[in-house]
Participant: 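Dropping a structure here in structure tokens format, bear with me for questions.
All ligand and atom numbering here is 1-based and tracks the order in the structure. All residue numbers in this chain count up from 1 along the given sequence.
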Amino acid sequence: MDYSKSKPFPKDFLWGASTSAYQVEGAWDEDGKGLSVIDMGKHPEGTSDFKVASDHYHRYKEDIALFAEMGLKAYRFSIAWTRIYPKGTGEINEKGIAFYNDLINELLSHNIEPIVTMYHFDLPYALQEKGGWSNRETIDAYVNYAKTLFKYFGDRVKYWLTINEQNMMILHGAAIGTLDPKIENPQKELYQQNHHMLLAQAKAMKLCHEMCPNAKIGPAPNIISIYPASSKPEDIIAASNFSSIRNWLYLDAAVFGRYNSIAWSYMEEKGYTPIIQEGDMEILKSGKPDFIAFNYYSTSTVAESKNDPSDKNSTGDQQIAIGEEGVYRGVSNPYLEKTQFGWEIDPVGFRSTLREINERYNLPLLVTENGLGAYDKLEEGDVVNDDYRIDFLKKHIEQARLAITDGVNLIGYCPWSAIDLVSTHQGISKRYGFIYVNRDEFDLKDLRRIKKKSFYWYKDVIESNGEKT
Ligand code: BG6
């Protein structure tokens, strides 16, 4: 399609940017905050922990002023469950409520729409100690937490996201730091946890509609097109297998309230099927999302399984296709370049992903993450020339516009990340932000904020409603 003939971005398009609480806030044990599984986790050698992160907890006013200067229409952030309920449930921590009240009010005073992720990887450790998502009581704790968020913030927050990347927590929990190391036979247990998260999500969506009739709520998995390595029929089946297990399992459950049949037969074959109690399927059906939020970084390409253990070429990284004996085998795509961290760069795959989700669910779509992790260099005079990031985002925005022209109801685009933050397992050196934070892995320096070249570029994009990229 000819880009010059494509439709414009809608007038009220949510040009935004994203972060998550534990990766940006710091203040890990301040003002009554409880410990999360992330606080208790191990960090790969040479990478920072999350104790200070970008110190956003103390500098949110300065940061929001910069977001406003950049012209953001929306800011997607997560609430740390452990600031609201230090033990996951029980007593509310008023200081946590106060912090997010202030943050939301500050955003609104700058006309920035808050988009709130209710849970972004940081499960309260007190719940983990009682079995985490393996324990059905965690469903109640999550719903109780959701109720508190709707009660305190529902008068001002119009967009809610239930759970960030539930699919990555199931498939790559060890890499992102959410997998409980005590679980001996993780795969089977993880699908039980997955079932419980799906129930919690459905209940929260229903509750949101009851408590905040003007708000909208949706899931936020990581969804990507899966390409077959060739036109060989077995490769096509492998791609369909992986797509069902990685993508559609999560969205079919959220939207239709049922398990995807291919994913279910996969779980049966492997012995991973969850125990489903009476009434569970009704609960799943009772939660209806208003939109689908999703994170997109790259596509995956897969070939037929070789049916031997060499299929298990896991790299422990959430965006690099692994494999599974008898199911599929991840291969690298010869047509795509890679980032400095080995993630394939595929803007056209972004369009294809948007089209696929739209065709399958026919709901409004909101992109809640997309971006380039790179080793940025702070040059003399406080300059960061991140042209590679501009190039990456520009190409994705152009493809988003083509997808809109294809008929996709895209309501917003929130790249990762608004400001530099600590990556899930590759430290602060893997930067994504429009704003540079002056610190290294272990030297916190002065944490000062520096506008990167991409900051000025994104400001122009927003100002021109996507006409100028
Ligand atoms: C997503 C997460 O998986 O990708 C974010 O929702 C994460 O929390 C982002 O930071 C980029 O991944 P990484 O591993 O480079 O931080």
Side-chain angles (χ1 to χ4, degrees), residues 16-25 36-39 41-44 46-50 53-54 56 75-81 115-123 161-179 197 218-224 246-247 250 292-300 314-322 338-346 350 353 366-376 388-389 392-393 396 414-434 437 441:
S18 295
T19 63
S20 88
Y22 80 89
Q23 294 176 275
V24 77
E25 284 178 3
S36 75
V37 297
I38 302 290
D39 296 318
K42 288 206 178 75
H43 313 285
T47 66
S48 163
D49 58 29
F50 298 94
S54 308
H56 177 69
Y75 173 51
R76 180 234 178 184
F77 62 97
S78 77
I79 290 184
W81 188 339
I115 299 177
V116 174
T117 315
M118 296 156 63
Y119 161 42
H120 191 122
F121 299 160
D122 50 358
L123 186 74
L161 313 172
T162 53
I163 300 177
N164 179 70
E165 294 196 350
Q166 184 176 324
N167 54 341
M168 296 297 98
M169 286 197 270
I170 301 306
L171 298 167
H172 298 278
I176 56 184
T178 56
L179 179 71
M197 279 192 239
N222 181 305
I223 303 294
I224 60 174
R246 188 196 186 284
N247 296 321
Y250 300 88
I292 292 171
F294 75 102
N295 301 343
Y296 173 89
Y297 288 90
S298 178
T299 47
S300 271
S314 168
T315 63
D317 187 294
Q318 71 269 40
Q319 292 301 329
I320 301 175
I322 50 169
K338 293 191 170 102
T339 71
Q340 289 171 329
F341 291 84
W343 292 13
E344 287 172 342
I345 302 175
D346 189 4
F350 186 36
T353 303
L366 174 65
V367 176
T368 39
E369 285 182 37
N370 171 234
L372 178 75
Y375 294 105
D376 291 344
Y388 38 87
R389 180 166 297 108
F392 179 100
L393 295 171
H396 284 79
C414 300
W416 189 260
S417 51
I419 184 166
D420 283 347
L421 39 71
V422 183
S423 134
T424 57
H425 60 287
Q426 286 164 311
I428 184 84
S429 311
K430 188 184 193 185
R431 294 176 187 268
Y432 285 90
F434 293 107
V437 174
E441 293 303 341

Participant: Judging by distance only, is a nitrogen or oxygen of Trp416 under 3.5 angstrom from one on ligand 1?
Facilitator: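 There is such a contact, yes.
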Participant: In ligand 1, which numbered atoms sit nearer than 4.0 Å to a non-hydrogen atom of His425?
Facilitator: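 The atoms of ligand 1 under 4.0 Å from a heavy atom of His425 are 14 (O).
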Participant: With nothing but distance in play, are any N or O atoms of Gln23 less than 3.5 Å from an N or O of ligand 1?
Facilitator: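 For ligand 1, there is an N or O atom that lies under 3.5 Å from one belonging to Gln23.
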Participant: Could you tell me whether some N/O pair between His120 and ligand 1 is separated by less than 3.5 angstrom?
Facilitator: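 Yes, His120 has an N/O under 3.5 Å of an N/O on ligand 1.
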Participant: So if I count the atoms of ligand 1 from 1 in the order they appear, which ones are less than 4.0 Å from some heavy atom of Thr424?
Facilitator: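 Contacts of ligand 1 toward Thr424, numbered from 1: 7 (C), 8 (O), 10 (O), 13 (P), 14 (O), 16 (O).
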Participant: Angle class for the Tyr432/Trp416 ring planes (parallel below 30°, perpendicular above 60°, tilted otherwise)?
Facilitator: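 Rings of Tyr432 and Trp416: perpendicular, as their planes differ by over 60°.
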Participant: Between ligand 1 and Glu165, can you find any atom pair, the residue atom being a heavy atom, that is separated by under 4.0 Å?
Facilitator: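 Yes.
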Participant: Got a donor-acceptor contact below 3.5 angstrom from the Asn247 side chain to the Ile224 backbone?
Facilitator: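 Between the backbone of Ile224 and the side chain of Asn247 there is a qualifying donor-acceptor contact (under 3.5 Å).
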Participant: Distance-only, no hydrogens or angles: does the Arg389 side chain make a donor-acceptor pair with backbone N or O of Arg431 under 3.5 Å?
Facilitator: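 Checking the backbone N and O of Arg431 against the side chain of Arg389, a donor-acceptor pair under 3.5 Å is found.
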Participant: Rounded to the nearest 0.5 Å, how far apart are NE2 of His396 and CD1 of Ile345?
Facilitator: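 Reported value, rounded in 0.5 Å steps: 8.0 Å.
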Participant: For the pair Glu344 and Thr299, evaluate side chain to side chain donor-acceptor pair (under 3.5 Å) and give the outcome as yes or no after the intermediate values.
Facilitator: CA-CA 7 Å; Glu344 287 172 342; Thr299 47; 4.8 Å; no
Participant: Pull out every atom of ligand 1 sitting under 4.0 Å from any heavy atom of Tyr297, numbered as shown with elements.
Facilitator: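 So the atoms of ligand 1 that pass are 4 (O), 9 (C), 11 (C).
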Participant: Return the residue, atom name and 0.1 Å-rounded distance of the protein heavy atom closest to atom 12 (O) of ligand 1.
Facilitator: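 Going by distance alone, atom 12 (O) of ligand 1 is nearest to Gln318 NE2, 3.2 Å.
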Participant: Please list, in number order, the atoms of ligand 1 under 4.0 Å from a heavy atom of Asn295.
Facilitator: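 It comes down to these atoms of ligand 1: 6 (O).
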Participant: Output, in order, the C-alpha distance, side-chain angles, deciding distance and verdict of side-chain contact (heavy atoms from CB on, under 4.5 Å) for Phe121 and Val37.
Facilitator: CA-CA 8 Å; Phe121 299 160; Val37 297; over 6 Å; no
Participant: Check the pair Phe341, Asp317 against side-chain contact (heavy atoms from CB on, under 4.5 Å), reporting the backbone distance first and the verdict last.
Facilitator: CA-CA 10 Å; Phe341 291 84; Asp317 187 294; 6.0 Å; no
Participant: Which bit of Tyr296 gets closer than 4.0 Å to ligand 1, counting heavy atoms only: side chain, backbone, both or neither?
Facilitator: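 Under 4.0 Å from ligand 1, Tyr296 contributes no heavy atoms.
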Participant: For Asn164, counting its heavy atoms only, list the atoms of ligand 1 lying under 4.0 Å from any of them.
Facilitator: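 Under 4.0 Å from Asn164, ligand 1 has these atoms: 6 (O).
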Participant: Go through ligand 1 atom by atom and flag the ones less than 4.0 Å from a non-hydrogen atom of Tyr432.
Facilitator: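 Numbered from 1, ligand 1 contributes 11 (C), 12 (O), 13 (P), 15 (O).
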Participant: Mind checking the CG-OH spacing from Leu171 to Tyr250? Nearest 0.5 Å is all I need.
Facilitator: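 Taking CG in Leu171 and OH in Tyr250, the distance rounds to 4.5 Å.
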Participant: Return yes or no for this condition: an N or O of Ser423 is under 3.5 Å from an N or O of ligand 1.
Facilitator: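 So ligand 1 has an N or O lying under 3.5 Å from an N or O of Ser423.
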Participant: With a 3.5 Å cut-off and no angle check, do the side chains of Asn295 and Thr368 form a donor-acceptor pair?
Facilitator: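 Indeed, the side chains of Asn295 and Thr368 share at least one donor-acceptor pair under 3.5 Å.
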Participant: Which of the numbered atoms in ligand 1 are below 4.0 angstrom from a heavy atom of Glu369?
Facilitator: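 In order of numbering, the contacting atoms are 1 (C), 2 (C), 4 (O), 5 (C), 6 (O), 9 (C).
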